[in-house]
Amino acid sequence: MIGVTLLALRLILALLLYIFLGWALLTIWKDIHLQSERLGLARLPSLTLQPLQAGEPNLYHFNIPEITVGRDPVCDCAFDDQTLSARHARLIYRQEQWWVEDLGSTNGTFLNDQQVSIPTVLTNGDEIRFGIVTLKVLL
């Protein structure tokens, strides 16, 4: 009789242990799911570049934190224009702002007709010129 009672107690304790572990795993899964939803809401804002030259596509739309601009086809925003360097400039999202940075280009990078020598913050409506290619920033 004592053996049967001990076996029943062991089975009940094992069942309670599995219920506790299941509850703990479910709580952890819900927390991870909630955190991923919160991170999804905090995605970086999109950046749209509008070429101001005739013959170019209407808009370049980006949802990545770093955009390279240049003549090289590997660049995120590539132009077949000899006034651009292969890797002319880059646009970076950091500190909750978009920045433009010249990458040592031959013909320079200009933000609203001012040469960019250090990383500079972009605002909505700014015009960036890479060589003779001019793009309007739409945030």
Side-chain angles (χ1 to χ4, degrees):
M1 183 74 174
I2 293 179
V4 174
T5 306
L6 286 176
L7 180 63
L9 284 174
R10 285 182 182 171
L11 289 175
I12 291 171
L13 285 175
L15 182 62
L16 288 174
L17 178 63
Y18 283 117
I19 289 172
F20 173 75
L21 289 174
W23 172 78
L25 289 174
L26 181 65
T27 302
I28 290 170
W29 181 81
K30 284 182 178 179
D31 188 44
I32 290 171
H33 185 68
L34 181 64
Q35 290 296 331
S36 67
E37 284 182 3
R38 286 182 184 164
L39 287 174
L41 294 175
R43 292 185 186 148
L44 72 125
S46 64
L47 175 69
T48 304
L49 301 174
Q50 178 184 14
L52 298 181
Q53 293 85 312
E56 290 292 331
N58 291 339
L59 298 173
Y60 293 94
H61 187 74
F62 299 99
N63 284 322
I64 53 178
E66 184 174 326
I67 302 159
T68 55
V69 179
R71 194 177 63 240
D72 191 342
V74 178
C75 291
D76 301 306
C77 192
F79 295 94
D80 186 23
D81 190 307
Q82 295 301 314
T83 63
L84 270 75
S85 298
R87 285 183 33 98
H88 196 96
R90 69 178 168 179
L91 306 171
I92 305 169
Y93 186 77
R94 64 176 177 224
Q95 300 170 352
E96 298 183 11
Q97 295 177 318
W98 281 100
W99 298 69
V100 62
E101 178 181 8
D102 187 73
L103 297 176
S105 63
T106 304
N107 292 324
T109 301
F110 295 84
L111 177 62
N112 299 324
D113 292 324
Q114 298 291 320
Q115 187 160 11
V116 174
S117 56
I118 59 171
T120 307
V121 175
L122 294 173
T123 58
N124 191 37
D126 280 346
E127 291 184 6
I128 310 171
R129 184 166 41 93
F130 312 101
I132 62 168
V133 175
T134 305
L135 302 172
K136 184 175 184 177
V137 176
L138 304 173
L139 299 175

Just how far is it from atom [atom1] of [X] to atom [atom2] of [Y], taken to the nearest 0.5 Å?
X	Y	atom1	atom2	result
Cys77	Leu91	SG	CG	8.0 Å
Leu9	Leu13	CG	CG	6.5 Å
Leu139	Gln97	CG	CD	10.0 Å
Asp113	Ile128	CG	CD1	12.0 Å
Thr27	Trp29	OG1	CH2	11.5 Å
Asp102	Thr120	CG	OG1	10.0 Å

Any idea which heavy atoms bring [X] and [Y] closest together, and the distance?
X	Y	value
Val69	Cys75	C-SG, 4.0 Å
Pro73	Ala78	CA-CB, 4.1 Å
Val100	Val116	O-CG1, 3.9 Å

Taking [X] for its side chain and [Y] for its backbone only, find out whether a donor-acceptor pair lies under 3.5 Å.
X	Y	answer
Asp76	Thr68	yes
His61	Leu49	no
Thr83	Ile132	yes

### Query
Quick one: which of Arg87, Arg94, Arg90 gives a salt bridge (Lys or Arg N to Asp or Glu O under 4.0 Å) with Glu66?
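Only one of Arg87, Arg94, Arg90 forms a salt bridge (Lys or Arg N to Asp or Glu O under 4.0 Å) with Glu66, namely Arg90.
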Is it the case that one hydrophobic cluster holds both [X] and [Y], taking links as side-chain heavy atoms less than 4.5 Å apart, direct or via other members?
X	Y	result
Trp98	Ile64	yes
Leu52	Leu111	no
Ile92	Phe110	no
Leu122	Trp99	no

### Message
Just checking Asn124: does its CG atom have more than 12 heavy atoms from other residues, nucleotides or ligands closer to it than 6.0 angstrom?
### Response
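Yes, enclosed.
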### Query
Any chance CD1 of Ile118 has more than 12 other-residue heavy atoms, nucleotides or ligands included, within less than 6.0 Å?
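Not buried by this count: 12 neighbours or fewer within 6.0 Å.
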### Query
With side chains defined as the heavy atoms from C-beta onward, is the minimum distance between Arg71 and Gln82 less than 4.5 Å?
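When only atoms from C-beta onward are counted, Gln82 and Arg71 do touch, with a gap below 4.5 Å.
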### Task
Give a yes or no on whether the ring-centroid distance for Tyr60 and Phe79 is below 6.0 angstrom.
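That pair passes the under 6.0 Å test.
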